[in-house]
Amino acid sequence: MDNDDELIRRCTADPEAFRELVERFQAKIYSFLIHLAGRQAAEDLFQEVWLKVFKNASSYEPRGKAVSWLFKIANNLALDDRAKWTRGGDSIDVEVAAAWLSDPAPGPQSTAENNEKRVRLAAALNELPIEQRQIFLMREYGEMSFKEIAESLDIPLGTALSRMNYALGKLRSALEEYHA
Amino acid sequence: MHKEDCLLFESGEMGKDEAIQFERHLASCHECRDWLTTIGSAHRWAGFLAEEPPPRLTMRALSREANHAISHRRTAFRSLGVAFAALLVAFFIWQRPRSSIKTPLTMVAQWDSSDLHASILRAQDDIGGIESTLGLADGGIDGRLKAAQRHLNRIREKQQTIRLLLDESES
């Protein structure tokens, strides 16, 4: 239908535009939030993100990708609300594992092996320090450039790149251990 | 190995000349090629971990926005109402006697006009009582009462004007 910028601009006055925007980005925003803040906190944050998007849409000025704007909102809200995060320790593993392993058909690749691999990946992601996890999630779900991530987090570009490299290294090691 | 360059190359954030130079480097660097593969795998991993929110969350998000839109309109109407009330109050203040000294006339002006007539009648009775007690002539006090009556009439005229303005604004 429309491009993302146009959808954001229209969504305050047009409920259909807002619905389309939510449907287009909800999976990415939700995935970002559950892996950053934990499943329980993500549910509240998910509501807050869309409320803020709705409130700020009329003043939206496209400067980069629309999805980056959405993720800046999601990231800021999540960080502001850090006290409510439900992750910590291994809690996310248990939650994610319970959700995935109990789901007999979550998708086309729903074999027991794939579900186990997902649990392993989620656990490895959960073990990353917040600074590394945040950059991995912003890059992968938010499709933000490293320059945008660095600006958004107010850190040097080199720091953003090195955190991403650490994150990738740890995730790769976790999967290699799994396959070994 | 140039891990950071790999990230910038893969994300398309490398300048054109730099990218050409890096491609040449890749041809001879197995480690960088391997790292680029890992970066590519990260997209798959993220996709693997992605989840759709439960439908109830989507519904709630959409309904909250709808409610918010309604409350936004209500707030706007409320603001208009408050602004109108503030204008009325300003109008009354502007109409009040300028002097802050409380003379009998300014005191009368502050009374509710509906009570003024009854108050004047009571005052007349009181004055009659005082006059008879003190044995004073009618003239001076009666003059003041007449002035108060004229002031009361002016207040009533202003009230009528305000009512007309209100009727016009409501219609």
Side-chain angles (χ1 to χ4, degrees), chain A residues 11-13 15 18-19 22-23 26-35 39 42-44 46-51 53-55 96 99-100 106-107 109 114 117-118 121-122 124-125 136-137 139-141 143-149 157-158 160-162 164-169 171-172 175, chain B residues 1-16 18-19 22 25-26 29-76 79:
Chain A
C11 74
T12 308
F18 185 72
R19 175 182 293 276
V22 171
E23 285 171 357
Q26 62 176 353
K28 287 181 174 184
I29 296 280
Y30 184 66
S31 302
F32 172 80
L33 291 171
I34 55 172
H35 293 298
R39 194 168 291 270
E43 296 206 353
D44 289 338
F46 183 77
Q47 306 297 323
E48 287 171 31
V49 167
W50 291 114
L51 190 62
V53 166
F54 184 84
K55 280 181 181 171
V96 171
W100 287 340
Q109 294 176 308
N114 273 350
K117 192 175 168 186
R118 289 170 87 192
L121 253 177
L125 189 59
F136 176 85
L137 295 171
R139 171 73 193 141
E140 296 302 332
Y141 291 123
E143 298 170 27
M144 295 170 78
S145 70
F146 289 103
K147 198 179 164 192
E148 284 172 324
I149 293 171
L157 176 62
L161 293 169
S162 93
M164 181 68 172
N165 278 324
Y166 277 117
L168 290 175
L171 292 176
R172 187 167 83 165
L175 284 179
Chain B
M1 182 165 43
H2 301 87
K3 282 184 169 181
E4 294 186 357
D5 285 340
C6 288
L7 286 173
L8 291 174
F9 179 76
E10 197 274 341
S11 65
E13 291 176 75
M14 203 174 244
K16 196 179 173 185
E18 237 182 327
F22 189 68
H25 165 77
L26 280 176
C29 181
H30 170 73
E31 285 178 319
C32 280
R33 285 201 305 275
D34 184 44
W35 195 244
L36 273 177
T37 309
T38 300
I39 295 168
S41 302
H43 304 326
R44 280 204 317 278
W45 300 337
F48 209 46
L49 293 174
E51 280 185 67
E52 289 282 341
R56 66 183 163 80
L57 281 189
T58 309
M59 296 289 284
R60 208 191 303 161
L62 291 171
S63 64
R64 273 185 64 168
E65 306 329 318
N67 291 338
H68 179 74
I70 291 164
S71 83
H72 194 70
R73 280 198 292 275
R74 278 186 192 144
T75 308
S79 304

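The structure displayed is predicted, hence computed values, not measured ones. Proteins come first, then strands; the chains are lettered A, B, ... in the order of their sequence lines, and each starts at number 1.
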Checklist line | B:F22 atom CZ, over 12 foreign heavy atoms within 6.0 Å | finding: yes
Item checked: Heavy-atom donor-acceptor pair, A:R19 side chain to B:L62 backbone, under 3.5 Å -> no
Note to self: Report which part of B:E4 has an atom under 4.5 Å of a heavy atom belonging to chain A: side chain, backbone, both, or neither.
What the structure shows: both
Item checked: Side-chain donor/acceptor of A:Q47 to backbone N/O of B:L57, under 3.5 Å -> yes
Next item on the list: Sort A:F46 into side chain, backbone, both or neither according to what part of it lies under 4.5 angstrom from a heavy atom of chain B.
Entry: side chain
Notebook entry, point to check: At what distance, to the nearest 0.5 angstrom, does CG of A:L171 lie from OG of B:S41?
Noted result: 10.5 Å
Notebook entry, point to check: What's the spacing between A:I149 CD1 and B:S11 OG if we round to 0.5 Å?
Noted result: 8.5 Å
Notebook entry, point to check: Side chains of A:E23 and B:E52: closer than 4.5 Å at any heavy-atom pair?
Noted result: no
Next item on the list: Report the distance from atom CD1 of B:I39 to atom CE of A:M164, rounding to the nearest 0.5 Å.
Entry: 7.5 Å
Checklist line | Point-to-point distance, once rounded to the nearest 0.5 Å, from CG of A:L157 to CG of B:L8 | finding: 6.0 Å
Note to self: Taking side chain as everything from C-beta outward and backbone as N, CA, C, O, which of these in A:F32 sits under 4.5 Å from a heavy atom of chain B? Side chain, backbone, both or neither.
What the structure shows: neither
Next item on the list: Considering non-hydrogen atoms only, spot the tightest contact between B:A46 and A:Y141 and give its length.
Entry: O-OH, 2.6 Å
Check: So do the side chains of B:R60 and A:W50 get within less than 4.5 Å of each other, counting heavy atoms only?
Finding: no
Next item on the list: Could you have a look at A:A13, A:A160, A:A27, A:C11 and say which one has the most heavy-atom pairs with chain B under 4.5 angstrom?
Entry: A:A27
Checklist line | Any donor-acceptor pair under 3.5 Å from B:E13 side chain to A:S145 backbone | finding: no
Check: So, does A:H35 use its side chain to make a donor-acceptor pair with the main chain of B:L49 at under 3.5 Å?
Finding: yes
Check: Can you name the nearest heavy-atom pair linking A:Q26 to B:P53, along with the distance?
Finding: OE1-CG, 3.4 Å
Checklist line | Donor on one side chain, acceptor on other, A:S31 and B:E51, under 3.5 Å | finding: no
Checklist line | A:L121 to B:W45 - nearest heavy-atom pair and separation | finding: CD1-CB, 3.7 Å
Margin query: Could you report the tightest heavy-atom contact between B:H43 and A:E140, atom names first, then the distance?
Written below: ND1-OE1, 2.6 Å
